[in-house]
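What follows is a short report on a single structure.
What you are looking at is a predicted structure, and each value in this text was computed from that prediction instead of being measured. We count residues from 1, following the sequence as given.
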Amino acid sequence: MGKMAAVMGSVASLVTEPGEDAFRKLFRFYRQSRPGTTDLGGVIDFSAAHAARGTGPFAHKIVRSQLSVSSVSEHDAHRAGLQPVSKWRAYGLEGYPGFIFISNPFLPGYQWHWVKQCLKLYSQKPNVCNLDKHMTKEETQDLWEQSKEFLSSIEEEKIKNRSSNQREQVAAACGFQGFQAEAGILNYYRLDSTLGIHVDRSELDHSKPLLSFSFGQSAIFLLGGLKRDEAPTAMFMHSGDIMVMSGFSRLLNHAVPRVLPHPEGEGLPHCLETPLPGVLPRDSLVEPCSVEDWQVCASYLKTARVNMTVRQVLATDQDFPLEPVEEKKRNITIEGSCHLDDQNSQVKRARLHPNS
């Protein structure tokens with residue numbers, strides 16, 4: 001406890017130093033942090049046993065979130081590869097109304113399917129990719145096939161647009177009946193990647209929640225306030241974790257300053273070592289994952305992380321505008337492998353098919 005108090009004290013003193021805003025200071029601190037040291041002593045770990053018991057150093061900040069257990073049947077949850085909602089470990093944070101953190105609700109092995117979807121299916125055209133701005137159409141036509149040239153042959157898989165059901169079930173369990181997954185963004189992180197401080201305000205309707213799914217290596221997520229001079233709260237995001245931001249938390253500053261290497265070197269998180277079951281429910285939304293496909297996914301995720309955010313862009317009486325809508329105010333800084341050329345650049349959204 002003495003070491004923890006020292007860490008919290010040093011972080012607090014860092015925030016009060018003159019110069020950069022409080023969020024930027026902590027972003028820089030965690031970006032330079034050393035895994036396995038007291039640098040990460042101030043980061044909340046919702047997967048830890050003490051979080052479930054309501055004890056530990058952050059007990060005063062963590063609250064249990066009540067989910068709508070009856071909104072998603074056990075059968076429908078299983079179809080999407082999820083545990084029964086009654087078994088989900090969902091938490092909130094004092095001072096952040098509308099924020100829900102669900103600690104890996106996936107059934108063992110079922111993350112394999114969603115990882116494959118993110119890497120193989122959602123990277124295909126006609127979805128928009130930030131590489132489109134810097135490479136030719138031919139070069140970005142099939143990124144999956146280019147990444148697995150070492151394999152001699154691969155069976156071509158027919159795309160089935162059925163996977164939004166999972167995201168809508170998560171939204172329903174959190175009390176958002178009628179949520180429609182209309183658009184999504186996938187961010188692919190290597191170990192040296194970061195996501196700069198920003199607010200997600202591109203959607204036309206901010207009353208709907210934002211759902212965030214993490215797969216692969218763990219990362220540090222910072223959730224701040226409406227202004228960047230408010231010090232953010234740091235938390236780990238592990239593979240399979242889901243975050244829901246709605247209401248007040250929907251327009252808060254947030255960032256990812258650090259993707260953490262596997263503690264044992266290059267390796268997969270333990271939850272990804274369990275294979276997808278060979279026999280799936282007849283009406284399952286989850287599809288089999290071949291050995292060849294998983295070899296590619298596993299090789300990538302040993303030193304990488306994938307994050308998928310899903311949004312409902314429109315209210316019930318709205319339509320997509322004929323012309324792109326430029327944001328009036330940009331507050332996005334993206335570091336690492338993804339950059340915006342100037343402040344007036346439009347954010348490209350990987351707009352998914354409504355049923356995808």
Exercise. With side chains defined as the heavy atoms from C-beta onward, is the minimum distance between Phe27 and Thr194 less than 4.5 Å?
Worked result: yes

Exercise. Going by heavy atoms in the side chains, are Val256 and Leu222 under 4.5 Å from each other?
Worked result: no

How far apart are the closest heavy atoms of [X] and [Y], and which atoms are they?
X	Y	answer
Ala22	Pro232	O-CD, 4.2 Å
Gln217	Leu268	NE2-CA, 4.3 Å
Tyr110	Pro281	OH-CD, 3.9 Å
Trp114	Ala80	NE1-O, 3.3 Å

Problem set entry | Output field: ring centroids Phe106/Phe215 closer than 6.0 Å | yes

Is a donor from one side chain sitting under 3.5 angstrom from an acceptor on the other, for [X] and [Y]?
X	Y	result
Ser214	Arg305	yes
Ser33	Arg31	no
Asn104	Ser47	no
Ser103	Tyr91	no

Exercise. Salt bridge between Arg258 and Asp39, side-chain N to carboxylate O under 4.0 Å?
Worked result: no

For this session: For Glu74, look at atom CD and say whether over 12 heavy atoms of other residues, nucleotides or ligands are found less than 6.0 Å away.
Result: no

Exercise. More than 12 non-hydrogen atoms from neighbouring residues, nucleotides or ligands closer than 6.0 Å to NZ on Lys61, yes or no?
Worked result: yes

Exercise. Of all residues at least two apart in sequence or in a different chain, which pass the salt bridge (Lys or Arg N to Asp or Glu O under 4.0 Å) check with Arg79?
Worked result: Asp76, Asp283

Problem set entry | Expected output: side-chain His254 to main-chain Leu252 donor-acceptor under 3.5 Å | yes

For this session: Say whether, by atom type as modelled, one donor and one acceptor occur between the side chain of Asp142 and the main chain of Gln124 under 3.5 angstrom.
Result: no

Problem set entry | Geometric class of the Phe221/Phe99 ring pair [parallel <30°, tilted 30-60°, perpendicular >60°] | parallel

Exercise. Name the one of Phe236, Phe46, Trp88 that satisfies ring pair (Phe, Tyr, Trp, His ring centres under 6.0 Å) with Phe101?
Worked result: Phe46

Seminar exercise, completed: Taken to the nearest 0.5 Å, the spacing of Leu276 CG from Gln111 CD works out to 11.0 Å

Problem set entry | Positive for side-chain contact (heavy atoms from CB on, under 4.5 Å) with Met235, one of Leu93, Ile220, Asp241, Ile62 | Leu93

Seminar exercise, completed: Checking Ile185, Val244, Thr309, Val310 against Leu210 for side-chain contact (heavy atoms from CB on, under 4.5 Å), the one that qualifies is Thr309

